[in-house]
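What follows is a short report on a single structure.
Each chain gets a letter, A, B and so on, in the order the sequences are listed, and its residues count up from 1.
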Amino acid sequence: MADNKNLMDKLVSLCKRQGFIFQSSEIYGGIGGFWDYGPLGVELKRNIREAWWHDMITGHDNTLTPEGAPSPYSMTGLECSIVMHPQVWKASGHYELFHDMMVDCHECKSRFRADHIGSSQCPQKPSKCPGEHDKCDLTEPREFNLMFKTHVGALFNPDSEAYMRPETAQGMFVNFKNVVDTSRVKLPFGIAQIGKSFRNEITPRNFTFRSREFEQMEMEFFCRPEESRQWYEYWRDQRYNWYVNLGLKSDKLILRDHEADELSHYSNGTADIEYAFPFLGEGEYGELEGVAHRGDYDLRSHSEGKLVRDGDGFAVELGEDGKPKYSGSGKDLRYHDQVANEKFFPHVIEPAAGCDRAALAFLCEAYTEDQVPDGKGELQERIVMKFHPRLAPIKAAVLPLRKKEDAEIAKDIYRKLKPYWNVFYDEGGSIGRRYRRQDESGTPYCITVDAETAEDNSVTIRDRDSLKQERIPVDELIGKLHEKLSGA
RNA sequence: GCGGGAGUAGCUCAAUGGUAGAGCGCUGGCCUUCCAAGCCAGAUAUGCGGGUUCGAUUCCCGUCUCCCGCUCCA
């Protein structure tokens, strides 16, 4: 743990000095729970997003049955607004769960829901309610809201209140009908979205792990109810393997099924994909992604009104007037299977990933200290970020060995590669220093131009992890890099 | 939100009620050229606000941020 703590400190320092992650608004003293991605960090995150988008959507083959899947399926993308109609959050259940009037006691440091004071116990005198004991020192009821509130329109009044989305998922549900009506998709299919979400966390902690503004990569997979269990299992494995294939070691990554009492109000089953972050204790894991079986909870809620558990199933929650407590849209969001001519609410499997958490996990996993012989053959400590080539912010660096003689040829090579990849040109400092700089940025390959290049038009490619160099003709460079970077 | 600790250069750290230093890194130059070599020159810092004081980075108060513990955690 002490080593891990130390490792986390070193990683935070590296993120700052290499331009991966900065504290938001740092020159004004910072603001808790918000983070900025620097020149390298933005490339890392972009690569994570693109890997996810490619592997989930654009690279998915709608016509074949992937291994482990019950059938072929289709995938589509979507991008929704962050501010939505406030009723979305009432029907979804977020408003009730994220929004409470709370009373705190200065004396016993407890917090109570304002509407439950009469049925709560004072921790110091359990026979009385909070506030009835002599020593109680209660605050006024205070609004306690995990959703960021804003106002739509220039006039501030209660009718203009709106919320920044606390998750991207609802955008997929409320657009379910739009997607079905316009894209000719048939069950089973997924709608995927990447975007920012906002939660007013009480305690942002652990670097970027729990932030107030964060990016989600979420997919809602709609299927026939009777197939939902199989799809749930398919997506659990699929998503777990995605992280492993991008370099997270499987002994640091677990797939953990939620206990029954841990399940969300809507869920028929949830598994977390969790990573052994260095800031956690031995044997502890932090959530990267949740894969939830949401049943038909969301589509039904947005049709009929917010649901509550009713025996084994769900029923619309009713207010005192016998009408839905939080009404839905009233639109029929059932899927119409035109072949079988039946209408039903599809069931939903939701793999919901945190992009920033993935970025943090990949940073933690990449951070490596090893030893490399210097010019005299003595071992020197090296810090190297061993990113998977798909995720590396810079794919290759072009380095002239001798600044004067080799620079022009090196620049030509740089220009040849630039249209394909984010390539970096560096002629400053000794070659060893430049290699180390690229190691700390996580650049997988360094292309070095030397005296031989002018003679036979060949360069060396240095491998970041093995330090091995391979000499190849310049004409084969693009093909070679394609092969190496495609991510064996 | 509570309690404790901490904020000095890009990073890691030093020092001081009276001109704020170092190492590494960074920039320019010379020399060198396959794994952080050398020489010369240079830039960059006391989180923010207030108070005490002739003078505050140092003492006091507030605030913000970070760390640890509690609390919270779809």
Side-chain angles (χ1 to χ4, degrees), chain A residues 1 5 8-10 12-19 22-34 38 92-94 96-98 100 102-111 139 142 144 146-147 166-167 169-170 197 199-207 209-210 216 218 258 262-267 270 272 279 286-287 290 292 294 297 350 352 354 370-384 399-406 427-440 446-452 459-464 467-469 471:
Chain A
M1 183 60 184
K5 176 74 183 63
M8 205 56 210
D9 287 346
K10 289 191 208 172
V12 172
S13 292
L14 181 140
C15 283
K16 175 78 191 291
R17 74 171 178 272
Q18 284 292 333
F22 307 125
Q23 194 182 10
S24 170
S25 318
E26 191 186 296
I27 61 168
Y28 285 103
I31 175 167
F34 297 92
S92 72
H94 287 84
E96 274 211 324
L97 263 144
F98 277 20
D100 277 312
M102 304 295 284
V103 172
D104 289 298
C105 178
H106 291 306
E107 176 62 26
C108 65
K109 313 294 185 199
S110 302
R111 174 175 291 150
T139 63
R142 292 185 291 185
F144 193 85
L146 256 47
M147 286 196 288
E167 63 170 36
Q170 298 305 319
S197 292
R199 290 182 199 177
N200 231 331
E201 298 288 353
I202 299 163
T203 315
R205 262 306 149 85
N206 290 328
F207 202 27
F209 183 77
R210 181 173 294 152
Q216 293 187 295
E218 294 197 298
H258 279 206
E262 208 183 342
L263 291 177
S264 311
H265 61 283
Y266 50 72
S267 186
T270 298
D272 279 348
F279 49 77
E287 181 182 348
R294 297 175 74 125
Y297 180 90
E350 176 195 80
D370 63 7
Q371 298 208 312
V372 167
D374 64 14
K376 296 173 192 141
E378 288 171 25
L379 289 177
Q380 299 292 336
E381 190 150 288
R382 173 178 81 139
I383 293 172
V384 51
L399 314 172
L401 188 63
R402 300 162 305 171
K403 188 173 175 180
K404 288 201 178 94
E405 294 87 341
D406 304 324
E427 59 180 28
S430 75
I431 190 66
R433 175 181 299 273
R434 281 177 279 163
Y435 286 147
R436 296 298 181 85
R437 279 199 283 247
Q438 294 308 315
D439 290 341
E440 227 178 78
C446 287
I447 294 148
T448 308
V449 174
D450 57 19
E452 280 183 57
V459 290
T460 61
I461 301 187
R462 168 198 184 257
D463 183 275
R464 176 194 65 200
L467 306 175
K468 289 202 176 105
Q469 286 182 291
R471 182 166 284 277

Who pairs with B/A41 - Watson-Crick or G-U, where each distance is under 3.5 Å: B/U27
Mate of B/C2 where both pairing distances stay under 3.5 Å, Watson-Crick or G-U: B/G69
Distance check: side-chain N/O of A/Thr448 vs OP1/OP2 of B/C34, anything under 4.0 Å? no
Residue A/Arg17, side-chain heavy atoms: nucleotide from B/G29, B/G10, B/A36 that is nearest: B/G10
A/Arg210 side-chain proximity, nearest of B/U33, B/C70, B/C73: B/C73
With nearest nucleotide decided by heavy atoms, which residue, A/Ser13 or A/Ile27, maps closer to the 5′ end of RNA chain B? A/Ser13
Establish, with yes or no, whether the OP1 or OP2 oxygen of B/C11 is under 4.0 angstrom from a side-chain nitrogen or oxygen of A/Lys16. yes
In chain order, what residues pass the ring pair (Phe, Tyr, Trp, His ring centres under 6.0 Å) check against A/Phe209, with sequence neighbours excluded? A/Phe277, A/Phe279
Under 4.0 Å between a side-chain N or O of A/Arg437 and OP1 or OP2 of B/C26? yes
Write down the partner of B/A22 under the Watson-Crick or G-U wobble criteria, each distance required to be under 3.5 Å. B/U12
Separation of atom CG in A/Asp9 from atom C1' in B/C68, rounded to whole Å: 12 Å
Can you tell if the side chain of A/Ile383 reaches within under 4.5 Å of the side chain of A/Leu14, non-hydrogen atoms only? yes
For the C1' atoms, the ones on B/U16 and on B/A22, what distance do you get once it is rounded to whole angstrom? 16 Å
Salt bridge or not between A/Arg464 and A/Asp439? Use side-chain N to carboxylate O under 4.0 Å. no
Of all the nucleotides listed (B/C34, B/C11, B/C26), which has the minimum atom distance to the side chain of A/Arg433? B/C26
Position toward the 5' end of RNA chain B (nearest nucleotide), A/Val372 or A/Tyr28: A/Val372
Looking at B/A36, I'd like to know if its phosphate oxygens (OP1 or OP2) sit under 4.0 Å from a side-chain N or O belonging to A/Arg436. yes
